[in-house]
There are 2 protein chains.
Amino acid sequence: MARRKKYKFPKTTIERLSYYFRALEDLSKRGIDTVSSEALGGKLNIKSSQIRKDLSYFGDFGKRGMGYDVKYLLKELKYILGLDREWSVVIVGAGHIGAAMANYDSFRKRGFNIAAIFDNDEKKIGKEINGSPILPYDNIDDFVKQNKIEMAIIAVPAAAAQAVADKLVESGVTAILNFAPVAVQLDENVRCLSVDLTTKLEALAYYMSYSQDKLWKIYS
Amino acid sequence: MARRKKYKFPKTTIERLSYYFRALEDLSKRGIDTVSSEALGGKLNIKSSQIRKDLSYFGDFGKRGMGYDVKYLLKELKYILGLDREWSVVIVGAGHIGAAMANYDSFRKRGFNIAAIFDNDEKKIGKEINGSPILPYDNIDDFVKQNKIEMAIIAVPAAAAQAVADKLVESGVTAILNFAPVAVQLDENVRCLSVDLTTKLEALAYYMSYSQDKLWKIYS
DNA sequence: CGGCGTATGTTAAAATTTTCACATGGGTGA
DNA sequence: TCACCCATGTGAAAATTTTAACATACGCCG
């Protein structure tokens with residue numbers, strides 16, 4: 001019934017909370033106001049015990065014999081995930097990925113506001129994408145400081161990513177979503193998550209070539 | 001010195017092999033032809049023992065006292081990951097994400113060839129993106145069958161994703177990279193990986209609000 | 001050609017994460 | 001109010017994954 005609780009929990013729990021949140025939104029939209037961990041798990045291919053355990057790290061949100069009140073759990077998850085406020089984000093790189101992110105309306109819907117996009121390309125500067133202005137990369141430091149930007153999305157080529165990340169952190173950014181296919185080295189008080197598009201396809205290629213439960217036994 | 005080996009290994013290993021591959025490519029490009037697990041780990045923020053263990057699932061690729069021959073290990077990883085051939089891929093959805101994927105040249109460089117993009121929008125059909133034609137969604141079944149497409153990228157709204165996935169699988173696709181923010185339910189012999197953009201940002205929002213090593217102790 | 005420094009491959013231990021199993025408590029209906 | 005049903009929350013077990021530690025083997029140098 002209340003928030004509180006445990007000291008440590010798996011890193012994957014946060015990601016799952018995000019899935020729960022989305023599934024609950026869907027249920028809410030369809031007028032369903034109570035759900036059991038079993039039903040929620042069915043929707044997401046996640047074991048019910050996993051869901052109960054994940055939630056238990058943060059509090060007791062359900063009613064025994066009844067399940068969870070969808071609206072209430074949504075409110076709690078919103079709070080836990082830090083989605084009960086607006087976040088200002090900048091995107092670095094107005095290429096295809098950067099543009100796609102600027103156009104991705106789910107971000108805005110969740111409270112992630114794209115304050116500006118930065119690029120070096122003269123032809124792009126001055127234009128805007130989905131309402132967000134494209135500004136010169138050289139102005140990024142001032143902009144981040146003046147607007148107290150905390151989050152950034154890096155969508156530049158691998159070779160430039162580290163320099164961009166360093167500059168962002170120096171300006172005050174403390175969370176980075178990195179699309180550049182490279183491991184960015186950062187101070188440990190800066191949070192950085194990477195989305196690696198190639199890696200995912202490569203993993204698929206692997207799975208198609210072999211199967212994990214089969215013996216790996218090709219000799220050279 | 002040879003490929004062979006173990007029966008089971010962590011799911012995360014494949015993803016890391018992909019990272020190793022990319023880092024090795026970079027080393028190779030810079031004319032470095034030998035690397036130790038320690039040095040490679042430093043580049044990637046991965047412990048050297050982790051690297052040795054990952055590689056050991058597939059064979060003995062290094063020389064004691066010496067490290068790994070960059071070119072040789074690249075060749076082996078390429079084989080293991082299934083990147084020693086071309087893959088034909090279709091993209092479903094010519095929106096911002098679909099277009100960004102079609103324009104993402106790293107895919108092509110790795111042997112993932114975007115055979116076609118499918119969409120319902122009359123205005124888009126007939127055009128092409130980065131050399132790949134945009135075709136009517138209704139033709140997808142024939143196209144997949146005729147061209148023996150095995151992999152697909154789903155870049156459609158959440159509401160349409162399940163139907164698209166079903167159609168793809170029915171046509172013969174056995175691996176799917178899903179960008180739609182929804183858990184797609186599939187037969188277990190179909191491989192599906194999801195890239196969840198919102199979830200990543202939400203995880204960042206969480207980490208910025210709290211820190212995992214701090215006690216979670218806010219009462220309602 | 002033998003000893004030495006080095007970095008692998010591996011085995012065993014530690015840490016993390018998931019799953020199981022069930023006691024617990026809320027709600028409902030008689 | 002009481003008995004019964006149901007699904008939660010949790011503590012303990014199982015499974016998975018990472019880290020540590022070290023014996024082993026390779027190549028170099030004198």
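In the text below, chain A, chain B and the rest are named by the order of the sequence lines, each starting its count at 1. What you see is a predicted model; the values in this text were computed from it and never measured.
Axis orientation changes by 0° from one end of the helix from C:dC1-D:dG30 to C:dA30-D:dT1 to the other, with each end axis drawn from 5 pairs and the value rounded to 10°.
Here B:D141 pairs with B:K145, B:S171 under the side chain to side chain donor-acceptor pair (under 3.5 Å) rule; sequence neighbours left out. By the salt bridge (charged side-chain N to carboxylate O under 4.0 Å, His left out) test, B:K71 pairs with no residue at all, sequence neighbours left out. Take B:D26 and apply the salt bridge (charged side-chain N to carboxylate O under 4.0 Å, His left out) test, not counting sequence neighbours, and it matches B:R30, B:K43. Partners of B:A160 according to the side-chain contact (heavy atoms from CB on, under 4.5 Å) rule, which considers only residues two or more places apart in sequence or in another chain, are B:V156. By the ring-ring contact (aromatic ring centres under 6.0 Å, His included) test, A:Y104 is found to be paired with A:F107, residues two or more places apart in sequence or in another chain being considered. A search for ring-ring contact (aromatic ring centres under 6.0 Å, His included) contacts involving A:F118 returns A:F143, not counting sequence neighbours. By the side chain to side chain donor-acceptor pair (under 3.5 Å) test, B:E86 is found to be paired with no residue, residues two or more places apart in sequence or in another chain being considered. Listed by chain and residue number, nothing satisfies the salt bridge (charged side-chain N to carboxylate O under 4.0 Å, His left out) test with A:R52 (two or more places apart in sequence, or in another chain).
In this structure, B:K53 is not positioned above the aromatic face of B:F9 in the sense of NZ or CZ being under 6.0 Å from the six-membered ring centre and within 45° of the axis.
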>> Treating primed atoms plus P, OP1 and OP2 as sugar-phosphate and everything else as base, which nucleotides of nucleotides 25-30 of chain C get B, S or - for protein heavy atoms under 4.0 Å?
In response: BBS---
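Looking at heavy-atom distances under 4.0 Å, B:T12 makes contact with sugar-phosphate atoms alone, never a base.
Here the C1' atom of nucleotide D:dT18 and the CZ atom of B:R52 are 13 Å apart, to the nearest Å. Going from atom CD of A:Q50 over to atom P of C:dT16 covers 16 Å, rounded to whole Å. A:F61 has its CZ atom 15 Å from the C1' atom of D:dT10, to the nearest Å.
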>> Assess the residue pair A:N130 and A:D105 against the criterion (side chain to side chain donor-acceptor pair (under 3.5 Å)); give the C-alpha distance rounded to whole Å, side-chain angles, the decisive distance to 0.1 Å, and a yes or no.
In response: CA-CA 9 Å; A:N130 201 15; A:D105 287 323; 3.2 Å; yes
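DNA chain C lies under 4.0 Å from no heavy atom of any residue of residues 21-39 of chain A.
Sorted by first and then second residue, the side chain to side chain donor-acceptor pair (under 3.5 Å) pairs involving residues 155-166 of chain B (not counting sequence neighbours) are B:Q162-B:D166.
Closest to the side chain of A:K11, from the set C:dT16, D:dT18, D:dG9, is C:dT16.
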